Every structure is written in structure tokens, then in C-alpha cells.
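Just so we're clear, the structure is a prediction, and the values are computed from it rather than from any experiment.
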Amino acid sequence: MRIETATEPGSPGRPNEDFVAVAMPASGGGGSLVLLDGVTPPDGLTGCRHDVPWYVAHLGGSMIELSVSPAAPSLAECLAESLRRTADAHRDTCDLYHRRTPQATVVAVRWNADTLEHLVLSDSVLLIEDTVGHVGAVLDDRLRRLPGPVPALRAAVRALPRGTAARAAAAAEYGRAVEALRNVEGGFFTAAADPAVAARAVTGTRPRSQVRAVAALTDGAARLVEVFHEQDWRGTFTLLRKAGPEELLRRVRAAEHADPEGIHFPRGKARDDATAVFARW
């Protein structure tokens, strides 16, 4: 088996808020990968003394440990327990009920000789290639189809020039509308402090014999498809197989550099943390 990873912060002066880990148990015959994309909070109070990298390191470390432990529970149960452990690590010093408490998106994959199990929560992407070359995307698309005025508010922000007071005010209004839908019924879900959110993840299993390769992408790495429309998921998989995750990230950065103000390809961040994992048997 071959596993390749690449990760890069969106801005050199800021920490990378992504997390990736791969584990291959000493007993052989299986493995697990975990990919988290930390949610960058807007400026202001978060109720927590810890930053997003601290949070994803604790959550991701616990998740990878549990996923390869003997008699491990389902990935959803691993996520729930990891959320409990991480919350316990700072509930005495932080307000875990604050809407901006540190949180992350999650992709997890675990396999053995018989089965491949997956979990996706929020807007990171999992791609699975079957043995005849078909590539399917496992998506949690709730963030992409928020109800009410949110799409119109987003369009209003993108119509205004970057760096202007009008855009800043519109962005703040849009941010408040999105936050009101975070981890509530009818909105979207991220891994924060509530273990119950694990039940909201998109999960599934399939025979291991039907899978040839998988790829996990944070939304920063998925921009080549979802923002810049230079590839489809099949093309992205071909690129990963032939040139590897580093080349995918290089092309994302080139597309961002060609449109630094987001005029032709509107997006929330000009550059974003980007991480890709490619595993093939």
C-alpha cells in the first residue's frame, strides 16, 4: 500500500489549522486516516483560551488512536469519544458552549482485509475509486445548501470590492447568519464540543475488495474543483495518482495567485490552508 500526503498553510504568517494522520497497526491488514480542517473563527472572543491548532491536534490525535485500537468501535463512535476527551481537556478553563469555540471538519477512513469504513462531517471531501476506475465523492453538503437569506447575503459580499467598509459590514452580516445555523437543526454541523454531533456525519461501509484507492481533501485542496473548476473529481484523482498531492496543492496556489482578489472566482479567503491525502492499494 502507498500513502502520500501534502499540506500547506494558506498564509506563511499564520499557523496551518489542518491536521492529517495515518496509522498502520503493527498487526497489519488494515489502517486508518484522519483529516481535519480547523474552522478559523472571525476576530473576537471565542470563549476559549486555546487556538484552533491546539484543538485539531487533540481531536485528531485522539481520533487516530481510537480508530486503530483493538476492538475499536465505529468511526462515528470514535469521533464521539474523541470529542468527549477533547472537551474534557479544556472544559474547566473554557466556555465550550460558545458558538465560536474551536471546531473542525472531519474526514476519516478505516480499512481491513474485508471492509472500508468512512465518515465525513462538514465540507471536506472524500473520494473513493472502485476497481473499474469510477470515482465517487462522499460529501456532507449541508453547508452548501443553507436555507433562508444566506446565499443572497454571500452574493452581496462577493459583489463588493475587497478592503472596503461596505464589504466588511456585509461580510459581518453574512457571518452572523451562517453562525446562527452552525450545529443546529436545519443548518450544518462541525465537530466542536458536543459528542452528539458525530451522529450527524455522513458514514458508510463497503467491501474492501471493491476499492482501489481513496483521497481526502480539505476544502482548500478541493478548490481546484469547487472554486476554480479546473478539474472534476475524476480528473483530480488522476492528478493525484500521476503527480501526487504536492502537485494538486501547487495548482491550487497557482489558481489563487492568478485571481488574488477573488474577482473571477469569488471565495471567502483569497488563500486557504490546503491538505490532501492519497492512498492506493
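- The main-chain N or O of Ala171 is never found under 3.5 Å from a side-chain atom of Arg154 such that the two would form a donor-acceptor pair.
- Expressed to the nearest 0.5 Å, how far CD1 of Ile128 lies from CD of Gln210 amounts to 11.0 Å.
- Looking at Glu247 and Arg250, a side-chain N of the basic residue comes within less than 4.0 Å of a carboxylate O on the acidic one, giving a salt bridge.
- Using a 4.5 Å heavy-atom threshold, the side chains of Gln103 and Arg182 count as touching.
- No hydrogens or angles considered: nothing links the side chains of Thr105 and Asp37 as a donor-acceptor pair under 3.5 Å.
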Dump the intermediate steps for side-chain hydrogen bond (donor to acceptor under 3.5 Å, both in side chains) on Thr7 and Asp273, then the final yes or no.
CA-CA 8 Å; Thr7 186; Asp273 298 341; over 6 Å; no

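- In this structure, the side chain of Arg162 engages the main chain of Glu261 through a donor-acceptor pair within 3.5 Å.
- Put simply, the side chain of Asp123 reaches to within 4.5 Å of the side chain of Arg144, judged on heavy atoms.
- A cation-pi geometry, defined here as NZ or CZ lying under 6.0 Å from the six-membered ring centre and within 45° of its normal, holds between Arg208 and Trp281.
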Between Ile3 and Met24, does the side chain to side chain contact (heavy atoms under 4.5 Å, CB included) criterion hold? Intermediate values first, please.
CA-CA 11 Å; Ile3 301 175; Met24 308 288 285; 4.1 Å; yes

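- Residue Leu126 is tested with Val277, Leu139, Val120, Leu217 for a side chain to side chain contact (heavy atoms under 4.5 Å, CB included); the sole match is Val120.
- The same ILVMFWY cluster, assembled from side-chain heavy atoms under 4.5 Å apart, contains both Leu35 and Met1.
- For the pair Gly38 and Asp18, the tightest heavy-atom approach, listed with the atom from each and the gap, is N-OD1, 4.3 Å.
- Pairing each heavy atom of Leu240 with each of Ala215, the nearest pair is CD1-CB, 3.6 Å.
- Look at Glu179 and Arg176 and you find no salt bridge, because none of the NZ, NE, NH1 or NH2 atoms lies under 4.0 Å from a carboxylate O.
- Put simply, the side chain of Val214 does not reach to within 4.5 Å of the side chain of Leu127, judged on heavy atoms.
- Surrounding NE2 of His134 are at most 12 heavy atoms belonging to other residues, nucleotides or ligands under 6.0 Å away.
- Taking the side chain as every heavy atom from C-beta outward, Val52 and Val39 never approach each other to under 4.5 Å.
- Closest non-hydrogen pair, Val184 versus Phe189, comes out as O-CZ, 3.5 Å.
- Among Asp259, Asp219, Asp272, the one residue that satisfies the side-chain hydrogen bond (donor to acceptor under 3.5 Å, both in side chains) test with Arg267 is Asp259.
- Between the side chains of Ser74 and Glu77, at least one donor N or O lies within less than 3.5 Å of an accepting N or O.
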Run the numbers on Leu79 and Val106 for side chain to side chain contact (heavy atoms under 4.5 Å, CB included), then give the verdict.
CA-CA 9 Å; Leu79 177 57; Val106 184; 4.3 Å; yes

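- Residues Arg200 and Glu185 are in side-chain contact: their nearest non-hydrogen atoms beyond the backbone lie under 4.5 Å apart.
- Distance CE/Met63 to CZ/Phe19: 10.5 Å, rounded to 0.5 Å.
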Please report the C-alpha distance between Glu226 and Gln231 in whole Å, then the side-chain angles of each, then the deciding distance to 0.1 Å, and finally whether the side chain to side chain contact (heavy atoms under 4.5 Å, CB included) criterion is met.
CA-CA 9 Å; Glu226 298 182 324; Gln231 292 282 2; over 6 Å; no

Going through the checks in order, is the side-chain hydrogen bond (donor to acceptor under 3.5 Å, both in side chains) test met by Glu17 and Thr40?
CA-CA 8 Å; Glu17 296 174 338; Thr40 304; 2.4 Å; yes

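- Minimum interatomic distance between Arg167 and Val157 (heavy atoms only, all atoms of both residues): NH1-O, 3.4 Å.
- Ring orientation note: the planes of Phe265 and Phe228 are nearly perpendicular, at an angle over 60° on the 30°/60° scale.
- Here the CZ atom belonging to Arg280 is positioned 10.5 Å from the CZ atom belonging to Arg212, to the nearest 0.5 angstrom.
- Linking Ile, Leu, Val, Met, Phe, Trp and Tyr whenever their side-chain heavy atoms come within less than 4.5 Å leaves Leu248 and Val20 in two separate clusters.
- With hydrogens and angles ignored, the 3.5 Å screen pairs a side-chain donor or acceptor of Tyr55 with a backbone N or O of Ala192.
- One N or O on the side chain of Asp140 and one on the backbone of Ser122 form a donor-acceptor pair closer than 3.5 Å.
- Val150 and Tyr174 get closest at one heavy-atom pair: CG1-CE1, 3.6 Å.
- Between Leu75 atom CG and Ser32 atom OG the span is 6.5 Å, to the nearest 0.5 Å.
- Salt bridge annotation for Glu246-Arg251: absent, with no cationic side-chain nitrogen under 4.0 angstrom from a carboxylate oxygen.
- For the pair Thr86 (side chain) and Ser82 (backbone), a donor-acceptor distance under 3.5 Å is present.
- Between the side chain of Ser11 and the backbone N or O of Gly13 there is no donor-acceptor pair closer than 3.5 Å.
- Looking at heavy atoms from C-beta onward, Leu36 lies in side-chain contact with Val34 at the 4.5 angstrom threshold.
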Kindly determine whether Asn183 and Asp194 satisfy side chain to side chain contact (heavy atoms under 4.5 Å, CB included), including the steps that lead there.
CA-CA 9 Å; Asn183 290 327; Asp194 182 6; over 6 Å; no

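- Shortest non-hydrogen contact noted between Leu96 and Thr101 is O-CG2, 3.7 Å.
- Without hydrogens or angle criteria, Thr218 side chain to Thr275 main chain gives a donor-acceptor distance under 3.5 Å.
- In the hydrophobic clustering of this structure, Leu160 does not group with Ile263; members are Ile, Leu, Val, Met, Phe, Trp, Tyr whose side-chain heavy atoms approach within less than 4.5 Å, directly or through other members.
- Each of Val197 and Leu146 belongs to its own hydrophobic cluster when Ile, Leu, Val, Met, Phe, Trp and Tyr are linked at side-chain heavy-atom distances under 4.5 angstrom.
- Using a distance-only test at 3.5 Å, with no hydrogens or angles considered, no donor-acceptor pair links the side chain of Ser62 to the main chain of Leu59.
- Side chains of Glu256 and Val227 form no contact here, defined as non-hydrogen atoms less than 4.5 Å apart.
- Judged by distance alone, the side chain of Arg110 and the main-chain N or O of Ser67 form a donor-acceptor pair under 3.5 Å.
- At a threshold of 4.0 Å, the pair Arg234-Asp232 does not count as salt-bridged, since none of the basic side-chain nitrogens sits closer than that to a carboxylate oxygen.
- Looking at Phe237 and Leu239, their side chains never come closer than 4.5 Å, going by heavy atoms from C-beta outward.
- The residues Asp88 and Arg91 are annotated as salt-bridged, a charged nitrogen and a carboxylate oxygen being separated by less than 4.0 angstrom.
- Using a 4.0 Å cut-off between charged side-chain N and carboxylate O, Arg241 and Glu129 make a salt bridge.
- A distance of 9.5 Å separates CG in Leu119 from SG in Cys78, rounded to the nearest 0.5 Å.
- Using a 30° and 60° split on the angle between ring planes, Trp54 and His90 fall in the tilted class, from 30° to 60°.
- Although no hydrogens or angles enter the test, the distance criterion places a donor-acceptor pair under 3.5 Å between the side chain of Asn112 and the main chain of Thr115.
- Val178 and Leu181 end up in the same hydrophobic cluster when Ile, Leu, Val, Met, Phe, Trp and Tyr side chains are linked at under 4.5 Å.
- Taking OG1 of Thr5 as the start and CZ of Phe278 as the end, the distance is 13.0 Å to the nearest 0.5 Å.
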